[in-house]
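Just so we're clear, the structure is a prediction, and the values are computed from it rather than from any experiment.
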Number of protein chains: 2
Amino acid sequence: MTPVSARPTLATVAARAGVSPSTASLAFSGSPRVAPPTRERVLTAAAELGYAGPDPIAASLRRGRSGVIGAFVGERLLYAFRDPVAIQLLDGITEVLGAHDVGLLLLAGDTGRPSVAQIARIPLDAAIFATCGLEDDPALDLLLARGVPVVAVEGPVVDGVVLVDVDDRAGTADLARHLHGLGHRRVEIVAMPLRLDGRRGPVDAARRARAHYRDVRHRLEGVEEVFGPVPAFETASNAVDEGVHAGRVLLDVPPARRPTAVLAQSDVLAAGVLQAAAQLGLDVPGDVSVAGFDGADLHWLGATRLTTVVQPTDEKGRRAAQAAMDLVDGTRPADTVLPVALRIGTTTGPPAR
Amino acid sequence: MTPVSARPTLATVAARAGVSPSTASLAFSGSPRVAPPTRERVLTAAAELGYAGPDPIAASLRRGRSGVIGAFVGERLLYAFRDPVAIQLLDGITEVLGAHDVGLLLLAGDTGRPSVAQIARIPLDAAIFATCGLEDDPALDLLLARGVPVVAVEGPVVDGVVLVDVDDRAGTADLARHLHGLGHRRVEIVAMPLRLDGRRGPVDAARRARAHYRDVRHRLEGVEEVFGPVPAFETASNAVDEGVHAGRVLLDVPPARRPTAVLAQSDVLAAGVLQAAAQLGLDVPGDVSVAGFDGADLHWLGATRLTTVVQPTDEKGRRAAQAAMDLVDGTRPADTVLPVALRIGTTTGPPAR
DNA sequence: AGCTCCCATCGAATCGATTCGATACGCGGG
DNA sequence: CCCGCGTATCGAATCGATTCGATGGGAGCT
């Protein structure tokens, strides 16, 4: 009669243990309101029936939360995770979420399929925009319409979204001052993508006006705070080979037109520029100084210590996750701006001549 | 009277549109059984009320599935994602899941906190063991007890778990034959961790008997198929610096005792061995041949073309995801073994003398 | 011995949507 | 003119657990 395949429910277990479903529920949740012998009886009955605990879906419905928090990363995973900063950020996020037994769901901006359909179908308690700050993202609209709390790391800046930010502008300005102090006057920037349309090349005013990403904008502004207008070369993605490409474009020119310092907007791009310099037989920092941003752990740089602006990436992740947890709990944390610190390495020095 | 904050439900919308909740549900699911004008009326009412669509949690309960599939990666994210193969695998997985509007939840074997508590709380339709094949993982037991379908990539091999495998052994044997054919007789192996206990050093029989990972075992066996017993040096994690360390241990010895070829069990480790060789002033493949496994995209290798065994990592991910989807749909796909291909690069050649 | 208080357990409502079988209505054919 | 059939909509059961307020019984105190 009773089909073997039918998975037992809490009610089944309760019946076998001779208690009401409510008591069985209390027993499983470890409430002190249930007497130890009773709990024992329930647990035994469960074991006998092969019941592994309350169904998470049903519990989610009743509790009103699913225990899942979504993290949006731009592009597809394959590219997003080439970026060590993205990984470290996610690591910081999981650290906090894991401590709350909350899971992290990855939402990749898979160009092919908008993740909007996923959001409509997947139960999310909150969402973190980890590496993609688009104010006009349709996914963002949907989340807000649904009343799903949203945390944004470095943007988008929208009403009702908690912002976890880093002082990109001040950090880059510090770095720029360092280079200015060394005597550099002809510097150029290797910029991360202003939008994800695969474009690369010099950044003009029109392009800049259509920039998507706050951090990129702020890192441009920080340099200009010190040097005034500075030529910037945009890369198609934040990857080493893009840095190499940009580096060759900027450095493979007659020495008179060559910048004495290149500020890359990320350590990954800086690593590429270093490679380009090496390929062109240029000495760093003798012929050209190179600086990055992030303070990432680039094991493949070897002994070279890159001059960079260190941002607390893992702390950023932890803050974002904590903010998300707070929002789920109904409190609204304040926006945060984390400080950064200039770290001078061996890749910057006084300009030649 | 009506609190503004109360989010409208399907019933509210239905009432406003003058239809029953069932019809409203049909309208949202896009069923052809509802007349277009009616659907229109429902959608309008929803828009007016700020209703963004059916609650995913409630829908999950009724449907019996949550639209979330969990992927287990060993260690914590920060280390797991240093491995380009893991990332590519995950990318393949998301490609398929995304096409089905299913989300990928990351479960990291955060040593501190077992993910068991997460599994108990998070609604999962299926789970994929992506990079950690432990037969005795308590998480695995819990999933099976819950009746959650499980797919294992390269293990664990357990009843009721669908296996997506790669022919590690045959691939490594091919590679070994290549080296044997070149004349190598004194080869050594740089092995990936046999278990995740941070140990590194020579592998002895006792250690080997306690090996956790099938792929590691198979890659050892493939070499032995050709060369017989071969010394192996175990690394603490699959990372470049571990490869460097192992490389120095194996290569920084008197030439007479130095292996003429080093087989690393992954491209990442091989990259480390190449670095070690360079540091020691050894020519590759003049003084020592180096080979890897994976066919990974290691941008930081530069022009060096590593001899390796190419495995279809993205296809492995897609297969695993497809298997998971099939299981969710109630069909049980067969186990798979994917083929690999030897790719000869510039890092192997005949031994000196 | 009687009264009170407290602790363990229970009942019942609720979370919000989905889905199947039933119903009502309108139209065409005999 | 009536019957039958098809289509659009509706009712009600169901998914499985949680939780709050209520109840009953036993222990402690006077």
Can you check the [X] [atom1] to [N] [atom2] distance for me, whole Å?
X      : N      : atom1 : atom2 : value
B/R65  : C/dA17 : CZ    : C1'   : 16 Å
B/F28  : C/dT19 : CZ    : P     : 15 Å
B/R41  : D/dT9  : CZ    : P     : 7 Å
A/R33  : C/dA8  : CZ    : P     : 9 Å
A/L10  : C/dC10 : CG    : C1'   : 13 Å
B/R121 : D/dA17 : CZ    : P     : 14 Å
A/R63  : D/dG16 : CZ    : P     : 17 Å
B/I57  : D/dA17 : CD1   : C1'   : 13 Å

Check: B/L124 and B/S66 side chains under 4.5 Å, non-hydrogen atoms: no

With the side chain counted from C-beta on, respond yes when A/L140 and A/V150 share a heavy-atom pair under 4.5 Å apart, and no when they do not. yes

[options]: which one has an atom nearest the side-chain heavy atoms of [X]?
X     : options                : value
A/T9  : C/dA17, D/dT9, D/dG16  : D/dG16
B/Y51 : C/dA17, C/dG16, C/dT18 : C/dA17
A/P54 : D/dT18, C/dT18, C/dC15 : D/dT18
B/T23 : D/dT9, C/dG16, D/dT19  : D/dT9

The residue, B/R62 or A/S29, whose nearest nucleotide of DNA chain D is more 5′ is B/R62

Judged by nearest nucleotide, the residue sitting upstream toward the 5' end of DNA chain D, B/A35 or B/A58, is B/A35

If I take atom CG from residue B/L90 and atom CG from residue B/L106, how far apart are they, to the nearest 0.5 angstrom? 6.0 Å

Which value, rounded to the nearest 0.5 Å, describes the distance between B/L107 atom CG and B/L143 atom CG? 8.5 Å

Axis-to-axis angle between the two ends of the helix from C/dA1-D/dT30 to C/dG30-D/dC1 (five base pairs per end, rounded to 10 degrees): 50°

Assign the ring pair B/F129 / B/F72 to parallel, tilted or perpendicular, where the plane angle (0 to 90°) is split at 30° and 60°. parallel

Any ion pair linking B/R62 and B/D55 (charged N to carboxylate O, less than 4.0 Å)? no

Inspect the contact between B/D326 and B/R319 and indicate whether a charged nitrogen and a carboxylate oxygen are less than 4.0 angstrom apart. no

What contact category does A/L26 fall into here, base, sugar-phosphate, or nothing, at under 4.0 angstrom with non-hydrogen atoms? base

Report yes if a donor N or O on one partner sits less than 3.5 Å from an acceptor N or O on the other, where the partners are the side chain of A/S22 and the base of C/dG11; otherwise report no. yes

